[in-house]
Amino acid sequence: MRHSTEQQNTMASLILQIFFLAVILATSQGSPLSYYPLQIHLLRSKWGSGGHHIPGMSCLSWRLAVETNNVIGWSTVPEECEDYVGHYMLGSQYREDSAVITDEAFAHAKTFKLAGDGKDIWVFDVDETTLSNLPYYAKHGFGAEPYNSTAFNQWVFTGEALALPESLKLYRNLLSIGIKVVFLTGRTEDQRAVTSNNLKDAGYHIWEKLILKSSSYSGKTAVFYKSSERAKLEKKGYRIIGNIGDQWSDLLGTSVGNRTFKLPDPMYYIS
């Protein structure tokens with residue numbers, strides 16, 4: 001059953017307080033990787049002791065299908081899964097899932113003998129990969145509300161997105177072994193300054209390139225845009241050791257790199 005608007009606002013306010021408290025605690029300890037936002041409930045199978053189905057159980061299956069790219073082209077999170085997705089994103093499971101992926105990504109990176117010419121790079125997406133927009137989505141139904149570009153862009157221009165701790169750890173580890181970082185984002189050129197400042201404020205202080213979407217890609221899919229930009233990098237002599245993003249459109253297409261890594265994101269779909 002849908003909550004009333006007043007109940008939704010109250011819940012959003014509460015989870016935002018929890019989220020920011022967790023970030024403050026992590027930062028105060030000097031290691032944001034050691035703390036996770038408070039888990040609200042376990043993501044358990046929702047069946048009663050007598051074997052009776054409890055509404056909401058199918059949301060876990062829906063999320064699995066989304067993450068494996070079997071459910072595509074969807075525009076909003078199913079209404080009945082709003083609370084489930086919110087609990088997942090603000091609970092510990094999201095962080096644990098992300099950590100498994102970023103740890104595997106670094107293990108992959110360490111297998112390479114770098115050329116030492118500064119051309120070995122790792123491609124990072126930005127939104128829900130390096131920067132987390134959870135404070136925004138917590139106020140907008142965790143993807144259950146239709147996407148509002150005006151509202152989201154207003155949020156982007158605040159420059160208040162937080163680092164995804166697991167991605168920040170991967171970023172630092174890659175730099176430590178000599179792999180340079182390229183940020184390739186669907187954000188537009190008019191958001192360059194705020195995105196650059198937001199990345200630096202979140203802990204991403206240096207990079208080889210920050211690529212934003214130019215007007216020449218208007219009407220083109222994210223797969224086309226990102227494939228084209230990665231191909232340009234390769235033509236300049238860069239070798240893409242790895243490529244990480246929260247959307248399949250970050251990872252499909254051409255010039256995807258030696259290996260790709262998909263971070264969880266059941267809140268939205270980009271083609």
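Here the structure is a predicted model, which is why all the values come from computation and not from measurement. In what follows, residues are counted from 1 in the order of the sequence shown.
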Side chains of Tyr84 and Arg63: is there a donor and an acceptor less than 3.5 Å apart?
yes

Any heavy-atom pair between the side chains of Ile179 and Phe112 that's under 4.5 Å?
no

Charged N to carboxylate O under 4.0 angstrom, Lys262 versus Asp250?
no

To the nearest 0.5 Å, what is the distance between NE2 (His87) and CD (Glu82)?
10.0 Å

Salt-bridge contact Lys169-Glu166 (side-chain N to carboxylate O under 4.0 Å):
no

Is any side-chain heavy atom of Leu263 closer than 4.5 Å to one of Leu164?
yes

Trace of the side-chain contact (heavy atoms from CB on, under 4.5 Å) decision for Glu208 with Tyr238:
CA-CA 11 Å; Glu208 182 72 359; Tyr238 289 104; 2.7 Å; yes

Closest contact, heavy atoms only, Arg230 versus Ser255:
NE-O, 2.8 Å

Using 4.0 Å as the upper bound for N to carboxylate O, is an ion pair formed by Arg192 and Glu189?
yes

Least distance between heavy atoms, Ala161 atom then Ala202 atom:
O-CB, 4.5 Å

Would Ile270 end up clustered with Leu134 when hydrophobic side chains under 4.5 Å apart are linked, directly or stepwise?
yes

Cation-pi geometry met for Lys220 and Tyr225 (6.0 Å, 45°):
no

Nearest heavy-atom contact between Ala109 and Leu174 is CB-CD2, 3.5 Å

Find out whether Lys236 and Lys209 are in side-chain contact, i.e. whether some heavy atom of one side chain is under 4.5 Å from a heavy atom of the other.
yes

Set out, in order, the CA-CA distance, both residues' side-chain angles and the distance that settles side-chain contact (heavy atoms from CB on, under 4.5 Å) for Leu168 and Tyr204, then state yes or no.
CA-CA 7 Å; Leu168 182 58; Tyr204 303 94; 3.7 Å; yes

With a 6.0 Å cut-off on ring centres, are Trp122 and Phe261 close enough?
yes

Is the shortest heavy-atom distance from the side chain of Val126 to the side chain of Arg187 under 4.5 Å?
yes

Test item: Asp120 side-chain N/O and Ala115 main-chain N/O as donor-acceptor pair under 3.5 Å
yes

Nearest heavy-atom neighbours spanning Leu175 and Val181:
CD2-CG2, 4.2 Å

Any luck finding a side-chain donor-acceptor pair between Asp246 and Thr129 under 3.5 Å?
yes

So which of Trp74, Tyr147, Tyr137, Phe142 actually passes ring-ring contact (aromatic ring centres under 6.0 Å, His included) with Tyr268?
Tyr137

Between His140 and Ala151 (side chain of the first, backbone of the second, donor and acceptor by atom type, cut-off under 3.5 Å), is there such a pair?
no

So how far is it from Thr221 OG1 to Lys226 NZ, rounded to the nearest 0.5 Å?
11.0 Å

Backbone of Asp125 reached by a side-chain donor or acceptor of Thr130 within 3.5 Å:
yes

Donor-acceptor pair, side chain of Ser227 and main chain of Thr254, under 3.5 angstrom:
yes

Pairing donors with acceptors under 3.5 angstrom, does anything connect the side chains of Tyr136 and Glu160?
no

Taking C-beta and beyond as the side chain, do Glu96 and Val100 meet within less than 4.5 Å on heavy atoms?
no

Do the side chains of Val77 and Trp248 join up, straight or via other hydrophobic residues, at under 4.5 Å, putting them in one cluster?
no

dist Leu210:CG -> Ser196:OG (nearest 0.5 Å) comes out at 6.0 Å

Is it true that a side-chain atom of Glu229 and a backbone atom of Ile211 form a donor plus acceptor pair closer than 3.5 Å?
no

If we ignore angles and hydrogens, is there a donor and acceptor under 3.5 Å between the side chains of Asp97 and Tyr88?
yes

Show, in sequence, the C-alpha distance, side-chain angles and deciding distance for Asn153 and Gln191, and conclude whether the side-chain contact (heavy atoms from CB on, under 4.5 Å) test is met.
CA-CA 9 Å; Asn153 287 332; Gln191 297 171 333; 3.0 Å; yes

Taking C-beta and beyond as the side chain, do Val182 and Trp207 meet within less than 4.5 Å on heavy atoms?
no

Test your reading of the model: is there a side-chain donor-acceptor pair from Asn198 to the backbone of Val194, 3.5 Å cut-off?
no

Nearest 0.5 Å please: distance from the NE2 atom of His108 over to the CD1 atom of Ile244.
11.0 Å

Do Ile121 and Ile241 land in one hydrophobic cluster if side-chain heavy atoms of ILVMFWY residues count as linked below 4.5 Å?
no

May I ask you to check whether Asp127 and Gln247 show a side-chain donor-acceptor distance below 3.5 Å?
no

Between Glu104 and Arg259, is the closest basic N to carboxylate O distance under 4.0 Å?
yes

Do you know the tightest heavy-atom contact between Asp117 and Arg239?
OD1-NH2, 2.5 Å

Closest non-hydrogen atom pair between Pro264 and Tyr94, with its separation
O-CE1, 3.5 Å

Check: Asn133/Glu128 side-chain N/O donor and acceptor closer than 3.5 Å
yes

Hydrophobic clustering (ILVMFWY, side-chain heavy atoms < 4.5 Å, transitive) - are Val71 and Leu251 grouped together?
no

For Glu234, salt bridge (charged side-chain N to carboxylate O under 4.0 Å, His left out) partners two or more places apart:
none

Does some side-chain heavy atom of Ser75 sit less than 4.5 Å from a side-chain heavy atom of Tyr269?
no

Please examine the side chains of Leu252 and Asn69, heavy atoms only from C-beta on, and report whether any two atoms are closer than 4.5 Å.
yes

Reported OG1-to-CG distance for the pair Thr195 and Asp190, which is rounded to 0.5 angstrom
9.0 Å

Taking Phe224 as the starting point, is it possible to reach Ile72 by hopping between hydrophobic residues whose side chains are less than 4.5 Å apart?
no

Distance-only, no hydrogens or angles: does the Ser218 side chain make a donor-acceptor pair with backbone N or O of Ser215 under 3.5 Å?
no

Distance check, rounded to the nearest 0.5 Å: Ile101 atom CD1 versus Ser167 atom OG?
9.0 Å

